[in-house]
Each structure stands twice: as structure tokens, then as C-alpha cells.
Amino acid sequence: MTQTTPLSGPDPQRPFAISGLRQVLRDAWAMTYPFWFSEDRWAARGLLLAVIALNLGIVYINVLLNKWNNTFYDALQDKDYTVFLHLVIRFSWLAGLFIIFAVYQFYLNQMLQIRWRRWLTDHYLREWLTEGAYYRMQLVAGAADNPDQRVAEDVPQFIASTLNLGIGGMRAVVTLISFVAILWGLSGTLTIPGSSMRLPGYLVWAALLYALAGTLLTDWIGRPLVRLNFDQQRYEADFRFNLVRFRENAEGVALYHGETDEFRSFRERFGSIVRNWWSIMRQQKRLTWLTAGYGQAAVIFPLIVVAPRYFRDQILLGGLMQTAAAFGQVQDSLSFIVSSYTDIAAWRAVVERLAGFRSALELAHIQAATKAGIHHADGTGGSVIVNDLELDLPGGQPLIAGVNLSLRRGESALLSGPSGVGKSTLLRAIAGIWPFGRGEIRVPSNTRVLFLPQKPYLPIGTLREAVSYPMRTGGVDETTLREVLNAVGLAELAVRLDETCHWALQLSPGEQQRIAFARALVQEPDWLFLDEATSAVDETTEARLYRLVHDRLPRTTLFSVGHRTTLRPFHHRQLFVQPDRDGPASIVEVPASGHHDSLGLNS
């Protein structure tokens with residue numbers, strides 16, 4: 001994959017500048033065309049053609065109604081009751097067809113939207129979850145904020161706005177073409193007062209100038225709405241995210257009595273929403289002054305322009321009404337940008353947000369493909385091998401250097417050292433999710449690897465799903481699940497396997513860590529990496545859990561990160577991260593004699 005879109009996107013302050021418009025259209029097309037060539041393409045294209053055909057049908061009915069206006073008002077002027085009744089019946093048929101077309105074009109449009117949303121949401125979720133892109137994105141400064149909101153809210157907004165604006169624009173063009181010919185024929189020729197100059201089709205030129213003036217004024221007044229809409233979505237997402245984060249950490253806030261601080265934080269974030277909303281209100285008020293005035297003037301403007309021909313008896317009342325209606329259709333078509341400016345501004349903000357999300361995903365996948373200098377390969381000989389590994393912080397500062405490590409099958413090693421020197425980062429690099437550094441890591445292919453972090457992830461669902469994660473629940477029988485829960489000291493939970501709950505909030509940190517050990521016993525990995533996986537349990541429970549691993553998984557290679565000296569008896573080798581004031585830390589092995597030796601673990 002290649003990175004095609006800068007994270008900052010085009011300049012949102014110039015929505016109709018040529019360069020900015022081209023960039024927005026390129027971004028929108030890049031997010032649009034894959035769906036129309038996907039496995040769902042035939043159904044999508046069929047629905048789109050049906051919607052377009054129905055819209056064209058509506059335009060044709062409007063053309064027929066325009067001709068109907070001429071005959072109907074002439075009948076009123078002539079007081080011809082027979083023709084009047086005939087035209088009322090004709091109008092009923094036209095109105096009925098119009099209603100049918102309008103209903104089904106709306107219904108099929110919505111059907112197309114949900115199919116497109118289903119496909120695009122699935123596409124983005126796959127891209128976000130593949131190769132740890134979701135994790136890498138949060139490590140990069142300037143990456144797309146609130147990716148959950150972009151998938152859940154921006155995708156449906158983008159699809160709905162793209163279809164509505166695209167089909168609306170197409171309908172405006174077809175309407176313009178249809179009614180320009182009618183209006184040109186009805187306009188006649190205008191002689192410029194005081195001269196011999198004659199202007200054919202003068203009503204067409206009047207409509208064009210009227211719409212052009214409205215479009216330029218609308219763009220000038222409404223230009224800031226793009227950035228304001230972009231910021232509003234970001235502020236709303238930040239506020240919602242902090243509310244969810246507060247709920248998930250309710251116990252910690254309660255223990256700290258941090259309600260006042262949380263309330264202040266909520267008010268600050270909501271204050272950003274309110275301030276930006278006021279800016280949107282002020283800008284939309286200015287824009288509404290123009291568009292409302294523009295729309296009201298459009299009611300009388302065609303009558304004023306056409307009236308001189310009527311009062312000179314060059315056209316009848318029916319011709320006046322038909323001409324005014326045709327002028328209104330042409331003016332409406334030319335004024336599509338004016339009437340849709342707020343929607344266009346919101347659409348561009350959504351395109352920019354999704355383009356930024358797409359660029360961040362592409363960058364994350366590029367990093368995954370190159371590992372940013374860390375080469376991951378399939379190992380041979382049944383060992384995990386780390387060669388000349390150097391790890392950096394996201395900002396580029398060196399963290400650990402010169403790591404050469406070999407872990408053989410059935411071996412166990414304990415890595416300890418001061419906090420913050422990079423012990424957990426080494427595990428992330430072995431797992432392939434840390435992109436900052438250089439060196440080579442080889443892990444045997446076709447082997448099962450399991451990482452147990454300090455804070456286990458428990459999905460919202462049944463306890464059966466939490467214990468089996470990430471395996472499919474049907475792959476583990478109930479007897480095994482009950483037995484491993486009893487083995488790790490959670491016998492009281494064995495009867496709750498089918499209970500659905502937010503287990504991360506229901507269980508204590510120690511219980512959650514025991515759930516993680518139960519997963520290891522169920523999955524029986526070849527390589528088990530534990531990152532302070534027993535920090536929340538007492539030493540007796542810790543010893544019980546490690547004995548379970550040694551007894552039940554004798555061929556599993558065990559690599560632990562921890563601070564407790566009580567972990568040493570359960571590991572054959574002792575490794576230590578030695579910090580250095582003047583440079584990156586290094587890893588040394590502590591031999592049985594107790595003194596540190598420079599690392600030569602491959603020997």
C-alpha cells in the first residue's frame with residue numbers, strides 16, 4: 001500500500017479553490033470507487049441505475065407539468081371548463097406518478113446506502129484491525145483522532161452525502177439541460193433600451209447571472225463552515241470518548257475522589273463543543289440571511305423579468321406562468337451550490353476526516369510491512385532468536401541497544417529491571433507491534449504464541465467468550481473451561497460461563513489476571529510471554545499460577561517480565577535491563593553466581 005493522502009488534507013478554508021476542490025474530489029473518489037468494483041458491484045450498480053432512472057423520471061414529469069402550466073392557465077383565462085376538467089385529471093396522473101417515483105427513489109437510495117455502508121465499514125474495520133494498524137496508529141503523533149467515530153459516524157455521513165449530492169447534482173444538470181431549451185424558446189429576443197442591440201434568450205442569461213451572483217456570495221460567506229464542521233465532529237468525539245473512559249474507570253475515580261476534576265474536564269471539553277457550535281450558528285445565520293433572501297427573491301424575480309412581455313400582449317397568462325416556472329427550474333439548477341452549500345461544507349469535512357483516517361491506516365500498514373527497520377522472519381531450529389536489536393521511542397530517542405537473545409523450546413527466562421527502561425517494549429517488538437527500531441527477530445513458524453499483558457483484555461460478552469478469547473467459543477468444551485477456572489482459583493465463576501457482562505468492570509485486577517492464565521491453560525501455546533502478568537495477585541497465588549503453567553505446559557517456552565524476586569525460582573535464566581545515563585539501556589544475564597555478565601545468550 002502507498003500513502004497517497006497527507007494527514008492534514010487540503011486547506012479547509014478554501015472549499016472551492018481549484019487545488020482544494022481537486023484534492024477533495026480525489027480523496028472522495030479514492031474512497032468511492034472500490035465499492036463499485038467490489039464483489040457487491042452488480043447489486044450496487046443496479047440500485048444506482050434505478051435511482052438515477054427514477055430521478056430522470058421526476059425531471060421528465062416536471063417538464064410535462066411545465067407544459068401543463070401553459071395550457072391550464074390559458075384555460076382559466078379563457079374560462080374553458082371542459083379543458084379545465086381534462087387538465088385536472090391529467091394533473092392527477094402526473095402527480096400520482098411523481099409520488100411513486102419520489103417514494104421509490106428514496107427507498108432504493110436508502111437500500112443502496114446501507115449496502116454501501118456495510119461494505120465500507122467492513123473494509124475499514126479489516127484495515128484497522130489487520131497487522132495491528134489500530135495499535136500503531138495510536139503511537140504516531142498526528143495520526144487520525146477517534147478512529148471509532150470515523151468508522152461509526154463519518155462513514156454513513158460520507159455515503160449519504162455523496163449519494164445525495166451526486167444524484168442531486170446530476171438531477172440539477174439534467175433539469176438545466178431540459179429547461180434551458182424550453183426557456184430559450186419562451187424568452188424571445190430582448191432589445192436593449194436606447195440601442196439596436198438584441199439579446200436572444202435573455203431569460204437564460206438573466207438566470208445565469210442571478211445564480212452566479214448567489215453562488216459567489218454564498219461561497220464567500222459560508223467558506224469557514226468547512227473547518228467549523230470538521231472541528232465540531234472532533235470535539236463531539238473527544239467528549240464522548242472521555243465519558244466512556246470515565247465509565248470504564250469508575251472505580252479508580254471513586255477511590256481517588258476525583259469527581260471534581262472529572263467534572264472540570266468534562267466541562268472544558270463540552271465548552272469546546274459549545275464555543276464551536278456558537279461559531280457555526282453565527283456563520284450559518286449569515287449564510288441563512290443570504291440563502292433565505294436569495295430564495296424569496298427567486299419567487300418574484302422571474303415574474304418581474306417576464307412581465308414586460310405579458311403586458312405587451314406578447315404572451316398569454318399560461319405563457320407567463322410556464323415561462324416563470326421554466327425560469328425557476330433553470331435558476332434552481334444553476335443555484336445547486338447555493339441551496340446545498342451547508343451540505344457540501346459538511347460533506348467536505350467528512351471527506352477530510354476519512355481521508356486522514358485512510359492515510360493513517362496506510363502509514364500503519366507500511367510500517368507493518370517494513371517493521372520500520374525491525375525485520376521479522378520465520379525462525380528455524382525451534383528457538384526465538386533476537387539479533388542486534390535496537391529499540392527506540394516514537395520520538396526517535398534510543399531505548400535499548402545490542403539485544404542478542406535466544407530462547408529454546410521448553411526454556412524459561414525472567415527479565416527484570418527498573419521501571420521505564422523498555423522491558424515491555426521488548427515484548428511488543430517480539431510480538432511485531434512495535435515499529436520503532438532496528439534488528440532482526442525470528443519466531444518459529446506454525447507455532448502458537450500467546451502474550452499475557454499486565455492488564456488483560458476482557459471482551460464484553462459471556463464469560464465463556466472471555467476465557468476462550470481470542471479462540472472461537474465453540475472450540476473449547478464446557479468441562480475444560482470449568483476445570484481451568486477451578487485450577488486458577490475462580491471456581492465460583494465456573495457456573496457463570498453463559499452470563500453476559502462487562503467483565504473488566506465486574507472482576508478485580510487479580511481475577512482478571514487469573515482469567516488470563518486460564519486462557520493460557522486452554523490454548524496451550526508453544527511460546528508464552530508474560531508482562532507482569534501476576535502483579536495484581538498475592539505471592540501464594542502467583543506461585544500457584546506458575547506451577548500450573550510448568551506442570552500442564554512442560555514444553556511451553558516461558559518468558560516473563562516482572563519485578564518480584566519470588567518469580568526467580570520458576571525460571572531457568574535471569575535477565576536484567578541495565579540502564580545507562582549516557583545512552584540506551586542494555587540487557588545482561590545474571591549467572592547463578594549472582595554477578596552480572598555482558599549478554600552473550602546465544603552461546
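These numbers come from the heavy atoms of this one structure, side chains and all, not from hydrogens, waters or symmetry mates.
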Any chance you could measure [X], atom [atom1], to [Y], atom [atom2], to the nearest 0.5 Å?
X    : Y    : atom1 : atom2 : result
S265 : L243 : OG    : CG    : 9.5 Å
Y235 : L228 : OH    : CG    : 9.0 Å
E262 : F246 : CD    : CZ    : 6.0 Å
Y107 : L54  : OH    : CG    : 13.0 Å
W184 : W205 : CH2   : CH2   : 5.5 Å

is_close_aromatic(F72, F91), centroid dist under 6.0 Å: no
Y33-W29 aromatic ring centre distance below 6.0 Å: yes
Mind checking whether [X] and [Y] have parallel, tilted or perpendicular rings, split at 30° and 60°?
X    : Y    : result
W119 : H123 : parallel
Y469 : Y457 : perpendicular
F158 : W116 : perpendicular

Tell me if the [atom1] atom of [X] is crowded by more than 12 foreign heavy atoms within 6.0 Å.
X    : atom1 : value
Y134 : OH    : no
H502 : NE2   : yes
F266 : CZ    : yes

Side-chain touch [X]/[Y], heavy atoms, less than 4.5 angstrom:
X    : Y    : result
L287 : L225 : yes
M170 : L56  : yes
Y124 : L361 : yes
L176 : V173 : no
I159 : L163 : yes
R269 : F241 : no
W128 : P147 : yes
Q110 : I114 : no

So does [Y] get a backbone contact from the side chain of [X], meaning a donor-acceptor N/O pair under 3.5 Å?
X    : Y    : value
N55  : V51  : yes
R45  : W36  : yes
W434 : D392 : yes
W68  : L87  : yes
W503 : G461 : yes
H376 : A429 : yes
N276 : S272 : no

L94, N69, L97 screened by side-chain contact (heavy atoms from CB on, under 4.5 Å) with L64, the one that passes: L94
Name of the residue among D231, D27, D154 meeting salt bridge (Lys or Arg N to Asp or Glu O under 4.0 Å) with R353: D154
To check you understand the geometry: which heavy-atom pair defines the closest contact between [X] and [Y], and what is its length?
X    : Y    : result
V204 : V180 : CG2-O, 4.1 Å
R348 : V24  : NE-CG2, 3.2 Å
R275 : E268 : NH2-O, 4.2 Å
A326 : N66  : N-ND2, 3.2 Å
A44  : L112 : O-CD1, 3.8 Å
L165 : S340 : CD2-CB, 4.1 Å

Partner of Q233 by side-chain hydrogen bond (donor to acceptor under 3.5 Å, both in side chains), out of R150, Q157, E352: Q157
Salt-bridge criterion met for R240 and E236 (N-O under 4.0 Å): no
Residues R126, D122: salt bridge by 4.0 Å N-O rule: yes
Exercise: do Q113 and N109 side chains pair donor with acceptor under 3.5 Å: yes
